[in-house]
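Comments concern the structure below.
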There are 2 protein chains.
Amino acid sequence: MSKPGYHHGDLESALLQGAVNRVRLVGAEKVSLRAIAGDLGVSPSAAYHHFPDKDALLTAAGFAAIDKLADQQELALSMISVIGVHGALARFRALGRSYVDFALNEPHLFRLAFGEHCVIPDAIDSEAPTRAWTILTAALDELVNEGLLKFEFRQKSEILVWSAVHGVATLILEGKLPPEAADDLFDSLAHMLGLDHE
Amino acid sequence: MSKPGYHHGDLESALLQGAVNRVRLVGAEKVSLRAIAGDLGVSPSAAYHHFPDKDALLTAAGFAAIDKLADQQELALSMISVIGVHGALARFRALGRSYVDFALNEPHLFRLAFGEHCVIPDAIDSEAPTRAWTILTAALDELVNEGLLKFEFRQKSEILVWSAVHGVATLILEGKLPPEAADDLFDSLAHMLGLDHE
DNA sequence: AAAATATCTATACAGTGTAAAGATACCGAC
DNA sequence: GTCGGTATCTTTACACTGTATAGATATTTT
């Protein structure tokens with residue numbers, strides 16, 4: 001499936017992977033199609049049989065990055081096996097931490113994923129909600145089920161929590177807030193949602 | 001100061017203004033230095049006597065955009081002359097609205113202002129806080145003075161509020177949340193800060 | 001007035017995305 | 001199997017980009 005002949009075999013996914021790698025290293029604005037093609041030992045024009053243009057390839061890479069974030073979040077969740085109240089709280093916090101950590105550890109992928117590429121039209125009431133959204137709602141559901149979050153606040157909590165966590169992640173990333181701001185924010189969120197002690 | 005001779009007279013600020021205009025229209029990634037120079041009837045190389053490279057010019061344009069946002073916020077604030085409790089609440093909300101409106105009305109300027117250009121190192125406890133920060137803290141101070149916001153929550157409210165508003169603005173801008181999410185967020189924030197009725 | 005300096009132009013070069021045409025390998029129909 | 005069609009890849013070419021270098025022109029200093 002990856003024999004080096006005239007035909008590559010699976011150039012499409014190879015290009016995508018190459019694009020992700022390059023973006024990861026130097027950022028989306030500085031990756032060149034020719035470099036990605038060069039890495040694969042392939043002519044620059046070859047890409048045009050699999051993607052309409054460079055922008056489309058980067059967009060695909062961006063969606064891959066979104067998926068990587070979701071993977072990381074699920075991994076972070078899976079590492080907390082505690083059940084009950086403490087588990088729900090720990091998972092809630094871990095969700096925020098993994099989000100911010102991804103932004104700081106993979107700044108270029110994070111920027112691509114949430115930049116002007118990868119614009120999802122009307123996501124929240126879309127019929128195919130994004131994985132990140134599903135993960136978040138599940139965590140909030142757990143908080144409600146444990147009696148930690150009042151049901152009447154749940155709906156609007158979705159927007160508040162995602163916005164706040166995404167905001168603090170990007171503001172730290174772009175140097176507008178110091179790294180400690182993340183934990184402060186988590187404290188505030190937990191407190192204001194009424195998730196404090198016990 | 002702007003006579004069309006061999007020497008332009010004030011090329012530096014003209015370039016900056018031209019850069020802002022072009023970014024506003026097509027986005028930072030698609031502006032070319034040559035186009036900006038062309039608009040001014042000037043050779044492409046001329047810019048290099050005023051900015052080290054294209055990136056520096058865009059960065060300067062980004063800081064100009066940050067200033068435009070602050071202008072817009074102050075303008076929004078100035079239009080609310082009510083004093084007392086209701087005034088404090090209205091100003092708090094107007095601050096959020098103008099932030100989100102700027103993002104939606106000037107998406108390209110907003111992206112540039114908060115993108116990887118214009119990275120301010122360690123902003124929050126910097127000795128020269130940004131105007132946006134000053135404006136926000138003033139609004140929160142007013143809430144405290146009016147007895148609407150408990151003093152013990154003020155400090156962390158700064159981070160929470162800015163993060164949430166910035167987050168919802170970018171998530172709406174990039175199609176991850178619907179436009180109505182902004183008002184929902186303001187409601188949540190007001191409610192959770194204890195700023196509800198009366 | 002002459003010399004020094006700042007500002008701008010002209011030219012050139014390497015690198016970019018991508019369109020067009022030709023080469024090569026695969027795949028299904030006979 | 002063989003043949004033709006098609007998908008895939010290469011070659012070549014073009015317009016465009018940022019920017020380095022060297023020369024022209026105006027301004028400022030002496």
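We name chains A, B, ... by the order of the sequence lines, and we start the count at 1 in each one.
- When the nucleotides C:dT7, D:dC9, D:dT19 are ranked by their closest atom to the side chain of B:D53, D:dT19 comes out on top.
- Taking 4.0 Å as the cut-off between side-chain N and carboxylate O, B:R91 and B:E146 do not count as a salt-bridged pair.
- Computed from coordinates, the B:I36 CD1 to D:dT19 P distance equals 12 Å when rounded to whole Å.
- Within 6.0 Å of the CD atom in A:E74, the count of heavy atoms belonging to other residues, nucleotides or ligands exceeds 12.
- Between the base of D:dT11 and the side chain of A:S45 there is a donor-acceptor pair shorter than 3.5 Å.
- A salt bridge is defined here as a Lys NZ or Arg NE, NH1 or NH2 lying under 4.0 Å from an Asp or Glu carboxylate O, and B:E106 with B:K68 fails to meet this definition.
- Along DNA chain D, the nucleotide nearest to A:E12 and the one nearest to B:P44 differ in position, and the one closer to the 5' end is contacted by A:E12.
- For A:H50, taking side-chain heavy atoms from C-beta onward, the closest of the listed nucleotides D:dC9, C:dT18, C:dT9 is D:dC9.
- Distance A:H49 NE2 to C:dA23 C1': 11 Å, rounded to the nearest Å.
- Comparing A:S32 and B:L11 along DNA chain C, the residue whose closest nucleotide (by nearest heavy atom) sits nearer the 5' end is B:L11.
- Checked by atom type, the side-chain pair B:S13/B:D10 shows a donor-acceptor distance below 3.5 Å.
- Of the candidates D:dT10, C:dT18, C:dA10, the closest approach to any side-chain atom of A:A46 belongs to D:dT10.
- For A:R34, the listed nucleotide lying nearest its side chain is D:dA13; candidates were D:dA13, D:dT11, D:dA20.
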